[in-house]
Participant: 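Supplied in structure tokens, the structure appears directly below.
No hydrogens, no waters, no symmetry mates; every other heavy atom, side chains included, goes into these values. Throughout, a chain's letter reflects where its sequence line sits, starting with A, and its residues are numbered from 1.
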Amino acid sequence: MKLSQMFFVTLREEPSDAEVRSHALMVKAGFIHKLAAGIYVYGPLMWRVLRKVETIVREEHDRAGCQELLMPALQPREIWDESDRWDRYVADGILYHFQDGRGRDVCLGPTHEEVITDFVKARLTSYKQMPFTLYQIQTKFRDEIRPRFGLMRGREFVMKDAYSFDVDAETMAKSYQMMREVYRRIFSRCGLRFTPVEADAGAIGGSGSEEFMVDADTGEDAIAVCHDTGYAANVEKAVSRIPAPPEPPAEVAMHKEPTPNAKSCDDLLALFPDLPVERMLKTVIYKVTWADREAPVAVMARGDRELNEVKVLNHLDALNVELADEKLVKEVTGAEVGFAGPIGLKDGVRLLADASVEGVKGFLCGGNETDTHYLDVWFGRDLEQPETVDFGLVQEGDQTVDGNGTITITRGIEVGHIFQLGTKYSESMNLRFAAEDGKLGPAWMGCYGIGISRTAAAAIEQGHDENGMIWPLPIAPYSAMLIQMRHGDEVQDALAQEMHDALEGAGIDVLWDDRKQGAGAKFKDADLIGVPLRIVVGRDAKDRRVEWKPRSGGETEVIGADEAIERVKAAVAEARSA
RNA sequence: CGGGGCGUAGCGCAGCUUGGUAGCGCGCCUGCUUCGGGAGCAGGAGGUCGGAAGUUCAAAUCUUCUCGCCCCGACCA
């Protein structure tokens, strides 16, 4: 492809509203164009990248025996009522839903468990048909509360979703393991550094679940990893072992302490310098929402620990958990914000505790009275210990649960997520088959997603420098770039044309910068769009010699034109055989 | 949803306080010269200042409403 014939526009300046490198570079290089918040046009170069990612995704799914199909983005409400997810998705505000011309509720699919289940239900009758896995690559719609970071979190994005169907839990786990390997191969072939982590299943539901995180400091997800034990989990899901609390010097009777304006553990540490923070128990008031009601819930935790709202939400089987506002806190505790505690809460308020309170003796806690705390409180003596569950947020430096390693917190971009759904959808939507013994039972499902557009953005997040993108060869918009220094120079024209034809003839996608531009503009643009293999056709063209100048850096070499072609062929062949 | 900020040429911005016929850089068009890290000179095109209403002789500028975009969001009882 000649660059002079391409609709190719790059910007001199970076957009002022881009917060992350991938976003800024994609806009500057003309790869994407924002139509509205979280909605983008994929320009020709971007689309080539997306198609390459898709090709790898297809090849690996097909290799594993999965079958591609295409489901509609427009979906009727009825199937969402069957699975009982319409209300939840509407409440979350994530679903694009509206009424059609005849007043029927429809939505734009944020995911396709309902549609696939409906499709399979009409055809699945016997255990003999399983196992099988179906997948599609399609545009998804999610009305994100806050779209951001360019393609990282859009309201419309390209996703691959796959669904496996099995006769029982055991074979479902096998399908899941197979897909796990498919995912590893996909992200490896894309040239990405990534970490699979244990994950919370969220709104999709089901039992086991893992996320594939591209390692990047700008990632939206925090992950807990332990290099000693190999443990890796999203912090939403992660568990750890924390140090035991210090023993109090003596058993003292519970009493009230005046604590004017001491609303946080830091304030209290200033008032009680001798009291370890581990012996302060905080009580957080949450506003919890279920499908049919809303109620305040108080959760206790040790002063040095943080609560994980996802764990609270899962334990309560709620739709939403958020910190209570000032008004609700006053109503529940009868005090200003900052003095909530387990003793004297309004009647009927459910009290829970994080496992970190276990074994804490003689502690300080809020008095449910402004400017007042209780000190030297003992569970069992002064009050019953509330229902205690692990609600803790794993912190840097925690031990793994087995005590064999130390946890570090890093960040990642979630590009893939796989779930063992079990029978959640097959039961609610009545997807049954006859087993070997003739009995009817629900199919066992798994579901597996990859954000295609997000994967491309993550690749830039991981591969760039101050001059622009640096694409991994397998997903680069073009594998190779010919940079011709002087437009109209007969010798250069001839050699560049010859090399271009030779590469295209070998099935290699090559971009030829034949524009009438200065050298600086050509090099800047080449750096910006980040094509990995680069050949400069310049002053040595008369000797059939060119410069070998890979985007990732290293010394520029002057080599023969034929050798340059061989190098490109070899690099591309290696990438394809991976 | 709450808080903050911003909408002026394709892109990045100034002008607004103190109303008076809209400016800069990049990009674009034409010509000449250049040609190895975003070339130079000369000439030129391009904007109902997000939208609506109001105040005024006069509104990008003041007022009200509205739409859009960006950022932040309880650290913790």
Side-chain angles (χ1 to χ4, degrees), chain A residues 9-20 23-24 27-30 33-39 91-93 143 145-150 259 261-268 277 280-287 289 296 298-309 312 320-326 328-330 332-342 345 354 364-373 393 395 467-468 483-489 492 513 515-528 534 536-541 546-547 549 556 558:
Chain A
V9 181
T10 57
L11 302 177
R12 197 67 167 270
E13 293 169 274
E14 290 198 1
S16 54
D17 59 357
E19 290 293 307
V20 295
H23 184 197
V27 172
K28 187 178 184 206
H33 167 78
K34 184 171 74 188
L35 187 61
I39 305 177
D92 282 352
D143 193 1
I145 295 164
R146 197 171 154 211
R148 59 184 138 179
F149 303 152
T259 51
N261 289 317
K263 300 182 177 187
S264 69
C265 287
D266 283 346
D267 298 338
L268 291 163
V277 68
M280 298 179 179
L281 297 192
K282 53 195 178 191
T283 306
V284 180
I285 310 296
Y286 288 108
K287 187 179 91 176
T289 312
V299 185
M300 300 184 71
R302 215 166 80 183
D304 60 327
R305 307 300 299 181
E306 308 250 341
L307 287 168
N308 181 339
E309 289 173 17
V312 175
N320 186 256
V321 167
E322 61 187 286
L323 282 170
D325 58 24
E326 211 170 304
L328 183 59
V329 170
K330 281 185 190 169
V332 169
T333 66
E336 295 292 320
V337 172
F339 304 95
L345 281 173
D354 171 49
L364 178 86
C365 62
N368 289 323
E369 188 181 321
T370 302
D371 294 343
T372 304
H373 281 74
L393 190 68
Q395 293 169 14
N467 296 316
I483 306 171
Q484 183 184 338
M485 296 314 301
R486 286 188 67 135
H487 167 93
D489 176 297
Q492 290 185 20
D513 189 352
R515 294 175 302 170
K516 192 177 179 178
Q517 293 274 338
K522 292 186 178 185
F523 285 129
K524 288 285 185 192
D525 278 337
D527 287 347
L528 182 60
R534 297 190 305 191
V536 179
V537 179
R539 50 171 89 91
D540 298 321
V546 296
E547 284 152 55
K549 194 178 169 72
T556 298
V558 179

Participant: Can you tell whether the side chains of Arg534(A) and Asp527(A) come within less than 4.0 Å, N to carboxylate O?
Facilitator: yes
Participant: Please determine, for the side chain of Leu11(A), which listed nucleotide (C11(B), C76(B), G12(B)) has the closest atom?
Facilitator: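 Within the option list, the nearest is C11(B).
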Participant: Taking the nucleotide of RNA chain B with the closest heavy atom to each, which residue, Lys522(A) or Phe339(A), is nearer the 5' end?
Facilitator: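 Closer to the 5' end of RNA chain B: Lys522(A).
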Participant: Just how far, in rounded Å, is C1' of C76(B) from CG of Asp304(A)?
Facilitator: 14 Å
Participant: Looking only at side-chain atoms of Asp527(A), point me to the closest of C71(B), G36(B), G37(B).
Facilitator: G37(B)
Participant: If I pick the P atom on C26(B) and the same atom on A22(B), what distance separates them, to the nearest angstrom?
Facilitator: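 Taking atom P in both A22(B) and C26(B), they lie 23 Å apart.
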Participant: Specify the separation, in whole Å, of atom NE2 of His33(A) and atom P of C69(B).
Facilitator: 13 Å
Participant: Determine the interatomic distance between P on C70(B) and the same-named atom on C75(B); round to the nearest Å.
Facilitator: 26 Å
Participant: What's the CZ-P distance between Phe523(A) and A39(B), to the nearest Å?
Facilitator: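 Rounded to whole Å, this separation is 12 Å.
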Participant: Just compare G37(B), C76(B), C69(B) and give me whichever is closest to any side-chain atom of Lys549(A).
Facilitator: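 Selected nucleotide: G37(B).
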Participant: Output the rounded distance in Å from NZ (Lys287(A)) to P (C1(B)).
Facilitator: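 In whole Å, C1(B) P and Lys287(A) NZ are 14 Å from each other.
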Participant: Once you round it to whole Å, what is the distance between P of G50(B) and NZ of Lys34(A)?
Facilitator: 16 Å
Participant: Ser16(A) has a side chain; which of G36(B), C11(B), C13(B) sits nearest to it?
Facilitator: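 Selected nucleotide: C13(B).
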Participant: Can you identify which nucleotide, out of G36(B), C76(B), C70(B), has its nearest atom closest to the Ala37(A) side chain?
Facilitator: C70(B)
Participant: Round to the nearest Å and state the distance from Gln517(A) atom CD to C35(B) atom P.
Facilitator: 16 Å
Participant: Does Thr10(A) or Cys265(A) map to a spot on RNA chain B nearer the 5' end, using the closest nucleotide for each?
Facilitator: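 It is Thr10(A), whose closest nucleotide lies nearer the 5' terminus.
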Participant: Considering only side-chain heavy atoms of Lys524(A), which listed nucleotide, G37(B), C1(B), G36(B), is closest?
Facilitator: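 Nearest to the side-chain atoms of Lys524(A), counting from C-beta on, is G37(B).
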Participant: Measuring from the side chain of Asp266(A) (C-beta onward, heavy atoms only), which nucleotide among G36(B), C1(B), C76(B) has the closest atom?
Facilitator: C76(B)
Participant: Which is true for Leu307(A) with a 4.0 Å heavy-atom rule: it touches a base, it touches only sugar-phosphate, or it touches nothing?
Facilitator: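 Contact class for Leu307(A): none.
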Participant: Using whole Å, report how far CG of Leu323(A) lies from P of G3(B).
Facilitator: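 From Leu323(A) CG to G3(B) P: 18 Å.
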Participant: Could you please name the partner base of G31(B), counting Watson-Crick and G-U wobble pairs only when both distances are under 3.5 Å?
Facilitator: C41(B)
Participant: Rounded off to whole Å, could you give me the CG-to-C1' distance for the Asp525(A) and G27(B) pair?
Facilitator: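 Answer to the nearest Å: 13 Å.
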Participant: State which of C70(B), C76(B), A74(B) makes the closest approach to the side chain of Asp17(A).
Facilitator: C70(B)
Participant: Partner of A74(B) by Watson-Crick or G-U wobble geometry, both contacts under 3.5 Å, or none?
Facilitator: none
Participant: How far, in whole Å, is U48(B) from U64(B) if one measures between their P atoms?
Facilitator: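 Going atom to atom, P in each nucleotide, I get 27 Å.
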Participant: Can a donor-acceptor pair under 3.5 Å be found between the side-chain atoms of Glu14(A) and the base atoms of G12(B)?
Facilitator: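 Under the 3.5 Å cut-off, the side chain and the base do not form any donor-acceptor pair.
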Participant: Which of the following nucleotides, G36(B), G25(B), A74(B), is nearest to the side chain of Glu322(A)?
Facilitator: A74(B)
Participant: Among the candidates G12(B), C76(B), G36(B), find the nucleotide nearest to the side-chain atoms of Glu13(A).
Facilitator: G12(B)
